[in-house]
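The chains referred to below are lettered A, B, ... by the order of the sequence lines, with proteins before strands, and numbering in each begins at 1.
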Amino acid sequence: MAHWLAKTEPEECSIDDFANHPNKPVVWEGVRNYQARNFMRQMREGDKVFIYHSSCKLIGIAGIARVSRTAYPDPAQFNQKSPYFDAKSPRDNPRWDAVEMLFVEKFPRLLSLDEVKAIPGLEALPLVKQGNRLSVMPVSDAEWKAILKVAVSR
DNA sequence: GCCAACGTTGGC
DNA sequence: GCCAACGTTGGC
């Protein structure tokens, strides 16, 4: 079972949106970056995903979700009213994918980016590198364990 | 709101 | 295929 980290903007999709409706899948759409999309396509049902809040006041990892539906064409790319509309995406060969995820847990406290950066063994994780813009990234088993250990023991 | 880092676009 | 211009991301 692979592990991932997904960036979300909490104003749009926060850990509470998962937690408030634990049985309702959250459609994770709007990823418009090829490298991130390719990682999305590797996600399998049941894979666990760190939910990371970015571009907001409290930046960091807020909790965990799991993949409930693997990649399928992101409907938003064809919706002219959506901010994620992409006029150049061919109908017969859609560029962008969405996945669906379900709530797993919310951390007792958000694990801030500073706290994440202080965890040893994450040097290879794109998240902690300067200028990183990747919105979906794989997390190795060792990285996952190291982060989780700190997240639940505070 | 600023701005450095980055990905994408498009002319050549 | 190069690379400058441009738009976006995301921490601060």
Give me the ring orientation class for A:Trp144 and A:His3: parallel if the planes are under 30° apart, tilted from 30 to 60°, perpendicular past 60°.
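Aromatic pair A:Trp144/A:His3 classed parallel.
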Report yes if the side chains of A:Trp96 and A:Tyr34 come closer than 4.5 Å at any heavy-atom pair, otherwise no.
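Heavy-atom side-chain distance check passes, below 4.5 Å.
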What's the separation between atom CD1 in A:Ile51 and atom CH2 in A:Trp28, rounded to the nearest 0.5 Å?
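Those atoms lie 7.5 Å apart.
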Using heavy atoms to find the nearest nucleotide of DNA chain B for A:Gln130 and A:Arg95 separately, return the residue whose nucleotide is more 5′.
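Final value for this comparison: A:Gln130.
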Flag this pair as yes if the NZ/CZ of A:Arg69 is under 6.0 angstrom from the six-membered ring centre of A:Tyr72 and inside a 45 degree cone about the axis; otherwise no.
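Yes, A:Arg69 sits over the ring of A:Tyr72.
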Which nucleotides of nucleotides 1-11 of chain C have their base under 4.0 Å from a protein heavy atom (B), which only their sugar-phosphate (S), and which neither (-), written as one string 5' to 3'?
------BBSBS
What contact category does A:Gln35 fall into here, base, sugar-phosphate, or nothing, at under 4.0 angstrom with non-hydrogen atoms?
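Nothing, no nucleic acid heavy atom in range.
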Between A:Arg66 and A:Asp47, does at least one N-O distance fall below 4.0 Å, as a salt bridge requires?
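Salt bridge between A:Arg66 and A:Asp47, a charged N being under 4.0 Å from a carboxylate O: no.
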